[in-house]
Structure formats: C-alpha cells, structure tokens
Amino acid sequence: MKKRGSSGGASINNNSAPLILRTIVFMLNSSSYANLKRFFLMFACGWVFSQHALAQSPSPDIFGNYHQIMGNAGIADSEFLNAATTPNIAKKEAWYEKAAKKGNREAIGNLAMLLYCGDERPKDTQRAFELLHQLSELGSAPAPWLIGIAYYFGDSVPQSYEKSLPWLELSARRGNPHAVKLVAEMYDKGLGIPKSESKNSWWLEFAAAHGHQKSQLQLAERLLRKASTEDEFIAVYYWLLGARKQGAAIDETTVTLIESKIDSRKLAVIKDADAKLGPFRWSSWDDASVIGAYIFPCMRHLQNPVLAQMSLQR
C-alpha cells in the first residue's frame, strides 16, 4: 500500500524503488538538493582551477616551441631565452645579437661576455668592449667593472691603472662591492695614482655604510688612533657597533675605554637605539643582483688567483 507524505511531497518505499527513482526523490527534497548543488559547485570550481594550474605549467617542449615562435616574431625576451637555452654557439650568438639590437640588457651583457671570453668561440675584444660601453651607458654596474678589471690586469688590453680607475669608480658608485674594494686599495697603495688617505677613507666609509665588516673595523681603528674629542670617539663607537652586529670579535676593554669618553646620557641614547634597531639600516650588498653572471665568467679568470679570490667577505 502506498504511503502519503505528511507534507504532501513525494514519498516512496526505499526498499522496492529503483536506484534512479530514489535519486530523483532525493534531489526533490529541498535540503538534500541544496547540499548536492554545493557539491557540484565545488567540483566545478576544482576542475576549473586544476585546468588553470595545468595551463600555467607547460611542458618543456611547449615552452621551447612557444619562445621559438615568439623569437621568430621579433620578441626580444624570447630571443634572449632562445640564446640562453640553445647549445649551438652560432645560434646562441645570432639570438643574442637580435635581442641586443632591441636593447635587451641581459642579451647585451651575455653577448659581450661570449665575445670577450673566447671560451666557446674566437674572441672579439673590440666588439665586446663596444657592447660593454653600450651597457654602461644604460646604467649597468657590471659593465664598467669588467672594462675596469680588463685594464687593471691587462686582460686582452694593454695594462693601465690610469684607464682602469674611472671605470672602477663608476661601477663602485653604482653599488658594486668588488669595485668599491678595489678602488679603496688603489688609493691606499697608490696604484697608478698618488696615494690618498682621504679618498681611501671615503671609499672605506662607502663600503662600511653598506655593511662591509672589514671596512667598518678599518675605519674604527684608523679613527681611534687619532681620536681626541667626544664626537670622534662616538664615530669610532658607531663603526665598532656595526662590526659587532655582524659577528666581528671586538675587544671589550677597547669598548669600555671608548664608552668612558662619551657622555653617559648620549651613550644611553646610542645603546637604546642599538638595542631596538641596530646602529645601521643597511642598504646591503647583494652580489647576485649587482653582478649577476658577469663577475668572472671567463675560464682564464677562474685561474687567476687574484680574481678568483676577489670577494667581499662580510
């Protein structure tokens, strides 16, 4: 005997009805149907997002073919990527040339190094220097650095400290820590130029203000030898605090001596600031972004003991 639902809605004997009929009745129930709609909505959203994720992760073949098409259409970024990924040196150079003509900086730099090093093809120093000059005019820090060290060591050009210095100073002013270090040494040792303690100190302070621990210690030692006024002892204390913050071992007897030369109220302010913020807000060096792949990319540079060891140790 059939039963009537108390609400007048559909009702059926669950044991005897076919599965499809029971499913229809389930969907007609308002609360169950709402849950089912939520389920299908979640399923649809998940499917859409999964397809989007797959679209964002193309296979290497699709990626390569895409940039071949875009490169042939004259897109500079794709021309650069084609050059960077092809093992064929002739094709690499041709792709770099195309992207370089459109002003792609990475292509100009990589092409310059390909021609300058001669590791994979015969050297073309003249063309390499033309590209490095072009890159330098665009504001690059690595380009004048490479021109500078070429003259500094006589690498593919006649050795000349005088020609080296302006290029190294330009690179240093653009934030290249290796150039800063080399320029400071040139003024300290008088390499091709008269010795200048004031200019050496200026470059030391430039490096110290960017977090170079050894420069901070050098400045502190140099100032301490001449310190006689409270302000001079404060300057010494400032650089020592910076070096100590970066892990330098500081003689506490020296620190106590310097603290005794500073007014207690000023010292309290300095210590409070040091505890809360540290004495510096570094615009610290970032070798990877400043120099990129251009530090010493040539095989012969890696064999040069001076160049191979030239790094800015914190």
Side-chain angles (χ1 to χ4, degrees), residues 141 144-145 148-149 152-153 161 164-262 266-267 270-271 273-274 277-288 290-291 295-296 304-314:
W145 157 252
I149 62 166
Y152 185 94
F153 290 104
Y161 291 129
S164 172
L165 182 62
W167 289 108
L168 291 175
E169 284 192 318
L170 178 59
S171 182
R173 290 179 190 278
R174 290 175 178 174
N176 179 345
H178 302 277
V180 172
K181 182 180 179 183
L182 200 53
V183 168
E185 288 180 1
M186 290 178 77
Y187 280 116
D188 183 48
K189 298 176 181 178
L191 297 178
I193 48 174
K195 283 187 177 184
S196 174
E197 183 175 327
S198 62
K199 289 184 178 180
N200 171 257
S201 295
W202 191 94
W203 284 108
L204 279 179
E205 187 163 338
F206 186 95
H210 285 79
H212 185 206
Q213 185 197 96
K214 290 182 179 178
S215 295
Q216 292 166 351
L217 290 173
Q218 280 183 270
L219 278 173
E221 291 170 5
R222 180 175 294 179
L223 292 170
L224 184 58
R225 286 197 297 268
K226 301 178 180 179
S228 59
T229 67
E230 182 186 51
D231 286 343
E232 288 171 340
F233 281 108
I234 288 174
V236 174
Y237 195 55
Y238 179 82
W239 295 120
L240 286 179
L241 285 176
R244 185 164 64 181
K245 277 286 182 181
Q246 296 182 97
I250 307 297
D251 178 29
E252 291 303 319
T253 304
T254 302
V255 173
T256 302
L257 173 65
I258 295 168
E259 289 178 343
S260 70
K261 305 291 184 179
I262 303 172
K266 292 181 182 178
L267 188 62
I270 294 169
K271 285 186 174 182
D274 180 47
L277 303 173
F280 305 98
R281 289 284 184 91
W282 303 120
S283 54
S284 59
W285 302 123
D286 180 355
D287 288 0
V290 172
I291 311 299
I295 305 177
F296 306 117
N304 182 316
V306 177
L307 288 176
Q309 294 174 24
M310 187 179 292
S311 61
L312 197 71
Q313 298 296 331
R314 288 296 187 99

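Any value given below was found using the heavy atoms of this structure, including those in side chains, with hydrogens, waters and symmetry copies removed. Sequential numbering from 1 along the given sequence is applied to the chain's residues.
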J.: List the atom of Val236, the atom of Leu223, and the distance in Å for their closest heavy-atom pair.
T.: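 Smallest heavy-atom distance, with atoms named: CG2-CB, 3.5 Å.
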
J.: Could you check whether any side-chain N or O of Ser260 sits under 3.5 Å from a backbone N or O of Leu257, counting only pairs where one atom can act as donor and the other as acceptor?
T.: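 Here the side-chain-to-backbone pair exists.
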
J.: For Asn200 and Ala184, work out which heavy atoms get closest and say how close.
T.: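 Shortest heavy-atom separation between Asn200 and Ala184 comes out as ND2-O, 2.7 Å.
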
J.: At their closest point, which heavy atom of Glu230 faces which heavy atom of Lys261, and how far apart are they?
T.: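 Shortest heavy-atom separation between Glu230 and Lys261 comes out as CG-O, 3.6 Å.
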
J.: Does Glu205 reach the side chain of Leu219, with side-chain heavy atoms less than 4.5 Å apart?
T.: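 Result yes, sub-4.5 Å side-chain heavy-atom pair found.
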
J.: Which value, rounded to the nearest 0.5 Å, describes the distance between Lys214 atom NZ and Lys181 atom NZ?
T.: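 The NZ atom of Lys181 is 6.0 Å from NZ of Lys214, to the nearest 0.5 Å.
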
J.: Would you check if Ile193 and Tyr187 make a side-chain contact, meaning some heavy-atom pair closer than 4.5 Å?
T.: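 Side-chain contact under 4.5 Å: yes.
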
J.: Answer yes or no: is there a side-chain heavy-atom contact under 4.5 Å between Leu267 and Ile234?
T.: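 No. Closest side-chain heavy atoms not under 4.5 Å.
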
J.: Quick check for you: to the nearest 0.5 Å, what is the distance between Leu191 atom CG and Tyr161 atom OH?
T.: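 So the gap between those two atoms works out to 5.0 Å.
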
J.: Kindly give the heavy-atom pair with the smallest separation between Leu217 and Ala243, and that separation in Å.
T.: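 Taking every non-hydrogen atom into account, CD2-CB, 3.6 Å.
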
J.: How many angstroms lie between atom CG of Leu182 and atom OG of Ser164, to the nearest 0.5 angstrom?
T.: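 Between atom CG of Leu182 and atom OG of Ser164 there are 6.5 Å.
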
J.: Check Ala172 against Ala179 and note the closest heavy-atom contact, atom names and distance.
T.: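 Looking at all heavy atoms of both residues, the shortest contact is N-CB, 3.6 Å.
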
J.: From the options Arg222, Gln218, Glu221, Gln216, select the one residue that forms a side chain to side chain contact (heavy atoms under 4.5 Å, CB included) with Trp239.
T.: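 Considering Arg222, Gln218, Glu221, Gln216, a side chain to side chain contact (heavy atoms under 4.5 Å, CB included) with Trp239 is found only for Gln216.
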
J.: Looking at Arg244 and Glu252, does any basic side-chain N land under 4.0 Å from a carboxylate oxygen?
T.: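 Salt bridge flag = yes for Glu252 with Arg244.
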
J.: Heavy atoms only: give me the nearest Pro144-Arg174 pair and the separation to one decimal.
T.: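 Looking at all heavy atoms of both residues, the closest pair is CG-NH1, 4.0 Å.
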
J.: Please test Leu240 against Leu224 for side-chain contact (heavy atoms from CB on, under 4.5 Å), starting from the C-alpha separation and ending with a verdict.
T.: CA-CA 10 Å; Leu240 286 179; Leu224 184 58; 6.0 Å; no

J.: At what distance, to the nearest 0.5 angstrom, does CD1 of Ile250 lie from CD1 of Ile258?
T.: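 One gets 9.0 Å once the value is rounded to the nearest 0.5 Å.
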
J.: Between Glu197 and Arg225, is the closest basic N to carboxylate O distance under 4.0 Å?
T.: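 Looking at Arg225 and Glu197, the cut-off is not met.
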
J.: State the NZ-OH distance between Lys266 and Tyr237, to the nearest 0.5 angstrom.
T.: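 The NZ atom of Lys266 sits 14.5 Å away from the OH atom of Tyr237.
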
J.: Side-chain contact, heavy-atom cut-off 4.5 Å: Trp167 with Trp145?
T.: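 Contact flag for Trp167/Trp145 side chains = no.
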
J.: If you define the side chain from C-beta out and look only at heavy atoms, does anything of Asp188 sit under 4.5 Å from Trp203?
T.: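 Not in contact.
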
